[in-house]
Amino acid sequence: MQYWLMKSEPDEVSMDDVMASQAQTTPWFGVRNYQARNFMRDQMQVGDGVLFYHSSCPEPGIAGVAEIVSAPYPDATQFDEDSKYYDAKATQEQPRWISIDVKGTQKTRLLSLAEMRTIPALEDMIVLQKGSRLSITPVTPAQWKAIVKLLK
DNA sequence: GCCAACGTTGGC
DNA sequence: GCCAACGTTGGC
């Protein structure tokens with residue numbers, strides 16, 4: 001059981017979108033960074049906790065909590081020539097990119113990036129480090145606990 | 001829109 | 001294998 005922070009641009013997929021599809025699940029596609037892919041491929045497990053983070057928007061921050069609900073599987077968009085995520089070097093036999101499904105657990109108040117920076121228990125979070133751009137990052141149990149408490 | 005930081009590509 | 005050039009991310 002591990003914890004993760006996953007970034008999404010709310011213009012693409014917001015926490016509201018994730019909650020609206022609660023009956024089903026939301027496929028997480030379009031990751032095109034090897035480090036993030038490897039986290040999904042090698043470490044993510046069904047039941048892992050996810051902090052849903054809104055990036056590249058007026059108020060960046062954590063907007064809700066979700067859960068991993070599938071094993072990794074090939075990201076279909078890598079084979080779709082019409083997709084902006086198309087990758088000519090990926091083949092069905094040797095896919096490069098991976099998706100997983102998440103399910104929204106709870107929309108929370110927005111824990112803004114600015115507020116996160118003021119909380120000592122969070123200062124080591126990868127997402128707060130200078131120059132950090134990884135869209136999927138591990139979260140420690142202590143960080144998770146502190147954030148869940150703040151969001152109550 | 002700016003720009004720092006990072007990742008990827010490709011020539012050598 | 002090095003590294004310059006380029007593209008992307010993402011806060012501000």
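By convention in this document, chain letters (A, B, ...) are assigned in the order of the sequence lines, proteins followed by strands, and residues within each chain are numbered from 1.
With salt bridges taken as basic N to acidic carboxylate O contacts below 4.0 Å, none links A:Glu123 and A:Lys130. Using a 4.0 Å cut-off between charged nitrogen and carboxylate oxygen, A:Arg32 and A:Asp75 count as a salt-bridge pair. Between A:Arg109 and A:Glu115, at least one side-chain nitrogen of the basic residue sits less than 4.0 Å from a carboxylate oxygen of the acidic one, meeting the salt-bridge criterion.
Atom CZ in A:Arg32 sits roughly 19 Å away from atom C1' in C:dG10 (whole-Å rounding). Atom NE2 of A:His54 and atom P of C:dG11 are 12 Å apart (whole Å). We find that CZ of A:Arg133 is positioned 14 Å from P of B:dA4, with the value rounded to whole Å. As a whole-Å value, the separation of A:Glu9 CD from C:dT8 P is 13 Å. Note: NZ (A:Lys84) to P (C:dT8) measures 11 Å, nearest angstrom. Rounding to whole angstrom units, CG of residue A:Asn33 and P of C:dG10 are separated by 10 Å. As rounded to whole Å, 15 Å separates atom C1' of C:dT8 from atom CD of A:Gln35. Atoms CD1 (A:Ile62) and P (C:dG11) sit 12 Å apart, rounded to a whole Å.
Checking the phosphate oxygens (OP1, OP2) of C:dG10, a side-chain nitrogen or oxygen of A:Lys7 falls inside 4.0 Å. Put simply, A:Tyr34 has no side-chain N or O that comes within less than 4.0 Å of OP1 or OP2 on B:dC6.
Of the candidate nucleotides C:dG11, B:dA4, B:dG7, B:dA4 has the atom nearest to the side chain of A:Lys130.
Mapped onto DNA chain B by nearest heavy atom, A:Lys89 and A:Ser132 fall at different nucleotides, with A:Ser132 at the one closer to the 5' end.
Between A:Phe52 and A:Trp28, the ring centre distance stays below 6.0 Å.
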